[in-house]
Amino acid sequence: MTRSVAVVYDESALLALGRGNRLASQFLSNTEHGPTRHVYVPAVCLATADGMRKGIADHVGALPAAEIVGLDFAGASALGALLRDGVEMALGHAVYLSRPTLDWPDGRPVVTVEPELYADMPLVRTIRLP
């Protein structure tokens, strides 16, 4: 059985993608070539990135490999707890998606330009973009 691999893009990774970062593009390109590879984009991170750079949402939304993930009840509840702890909303959505679940028992690493933002977040792994 082939193991699935997944990553979560935060807003800094989305902005890097919009600037033409090769590694950010490569993750998405590799995902298009394999059904066991997944790139998850938290909707709050996408909205935040689009607020900083117009057109990111349209660009990412048109990519077949990017799976935009909204908030369901469990996500809203977890994000609310993170907000109460002082975590910024977009960061909190990325953290929520990165943590272990039944479907992803090892969690999903966050692709980011700013891994230091996740240093104090339990159960969160990161992949640093240059």
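Residues take their numbers from the sequence shown, with the count starting at 1.
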So which atom in [X] and which in [Y] form the shortest heavy-atom distance, rounded to 0.1 Å?
X      : Y      : value
Arg128 : Pro115 : NH1-CG, 3.0 Å
Ala6   : Pro109 : O-CD, 3.3 Å
Ala94  : Val110 : O-CG2, 4.1 Å
Gly55  : Asp50  : N-OD1, 3.0 Å
Leu28  : Ala65  : O-CB, 3.6 Å

What's the spacing between [X] [atom1] and [Y] [atom2] if we round to 0.5 Å?
X      : Y      : atom1 : atom2 : result
Leu46  : His59  : CG    : NE2   : 10.5 Å
Asp10  : Thr48  : CG    : OG1   : 10.0 Å
Leu91  : Met121 : CG    : CE    : 5.0 Å
Arg19  : Leu129 : CZ    : CG    : 9.0 Å
Arg108 : Ser98  : CZ    : OG    : 8.0 Å
Lys54  : Ile56  : NZ    : CD1   : 12.5 Å

- Message: Please check: side-chain N/O of Glu114 versus main-chain N/O of Glu116, any donor-acceptor pairing under 3.5 Å?
- Response: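 Pair absent, no side-chain N/O of Glu114 close to backbone of Glu116.
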Item to complete: For the pair Arg53 (side chain) and Gly18 (backbone), establish whether a donor and an acceptor sit closer than 3.5 Å, ignoring hydrogens and angles.
Response: yes
Contact check, side chains of [X] and [Y], non-hydrogen atoms, under 4.5 Å:
X      : Y      : result
Asp106 : Pro100 : no
His38  : Val5   : no
Glu11  : Pro42  : no
Leu83  : Met89  : yes
Pro130 : Asn21  : yes
Thr112 : Ile127 : no
Val60  : Tyr9   : no

Cluster link [X] to [Y], ILVMFWY, side chain under 4.5 Å:
X      : Y      : value
Leu97  : Phe27  : no
Leu14  : Val39  : yes
Val111 : Leu63  : yes
Tyr96  : Trp104 : yes
Leu71  : Ile68  : no

- Crowded around Asp72 CG? As in, over 12 foreign heavy atoms under 6.0 Å? yes
Quiz item: Regarding Thr101 and Asp103, is there a side-chain donor-to-acceptor distance under 3.5 Å anywhere?
Solution: no
